[in-house]
There are 2 protein chains.
Amino acid sequence: MDKIPILRMGSFLLVTIQVDLYDRLALNLENDLVQMVYQTGARGVLIDISAVSIVDSFMGRILGNIASMTRVLDAETVVVGMQPAVAITLIELGLSLKGVHTALDVERGMALLQTQYGLHTQSADDDVDELE
Amino acid sequence: MDKIPILRMGSFLLVTIQVDLYDRLALNLENDLVQMVYQTGARGVLIDISAVSIVDSFMGRILGNIASMTRVLDAETVVVGMQPAVAITLIELGLSLKGVHTALDVERGMALLQTQYGLHTQSADDDVDELE
């Protein structure tokens, strides 16, 4: 597999990372995401890493790159579903994921985008309701 | 990896299949999905196979099993994002995915669940609007 599928949900794009991001796969993901943001006018990108048990400095940098790339296209990136062990590893590696927003799960990620960045989508409203 | 992440979005569950479903992985997915439907009271399950380029009879049966299992728990399953080549292969294999609903993408899948099965979620409304 040399592509990670990007799902469009309203004004958000959703990516679920289930495999290790080797170089080409990561570059493809960056390119595809930027293209999708441009084509769909998405305002938010949600990257689910709940299936990722190991995050190295490479992946940390990729996530940072994606957040920066989408931001200049006026889309905020939220990394969701990070496992506790991954959070520990990240900090021990000295990676604080600067510029990357995080949330506990997809619903909270959508709620974050909607409340903090005023990205109004029905789905986000839906999630906010459920979180209350 | 021995688990495929299941994302909760409102009253829907979303699964993105990006790897080949070998036996244990498929069984885990079945178990996890049924558990999630039971715990979350989800009314719809969306399975995205846009990253799947080869579907054999085993995977066809798994999809059918999941659809049947979730249906008895009052949740409809929609397979979305099937590639044209996969559709051709399925029929040539004599697999018509009986009992499995399909849609072109996640948004249309949500719209299907909402319009045909009256599963009202804001996200589905959102998608319906965009499809019009």
*Could you grab the distance from atom NZ of B:Lys3 to atom OG of A:Ser53, nearest 0.5 Å is fine?*
13.0 Å

*side chain to side chain donor-acceptor pair (under 3.5 Å) involving B:Asp74 - partner list, sequence neighbours excluded*: B:Arg43

*asked:* Heavy-atom count check: over 12 atoms from other residues, nucleotides or ligands less than 6.0 Å from A:Asp56 CG?
replied: yes

*Examine whether an atom of B:Thr16 lies under 4.5 Å from a heavy atom of chain A, and if so say whether it belongs to the side chain, the backbone or both; otherwise answer neither.*
both

*Shortest non-hydrogen contact from A:Val106 to B:Arg8?*
CB-O, 4.4 Å

_side chain to side chain contact (heavy atoms under 4.5 Å, CB included), paired with B:Leu7, selected from A:Val80, A:Leu46, A:Leu14_ = A:Leu14

*Do other residues, nucleotides or ligands put more than 12 heavy atoms under 6.0 Å from the OH atom of B:Tyr38?*
no

*Around atom CG of A:Asp20, are there more than 12 heavy atoms of other residues, nucleotides or ligands at under 6.0 Å?*
no

*How far apart are the closest heavy atoms of A:Glu107 and B:Gly10, and which atoms are they?*
OE2-N, 2.8 Å

*Pairing residues for A:Thr102 by the side chain to side chain donor-acceptor pair (under 3.5 Å) criterion, not counting sequence neighbours*: none

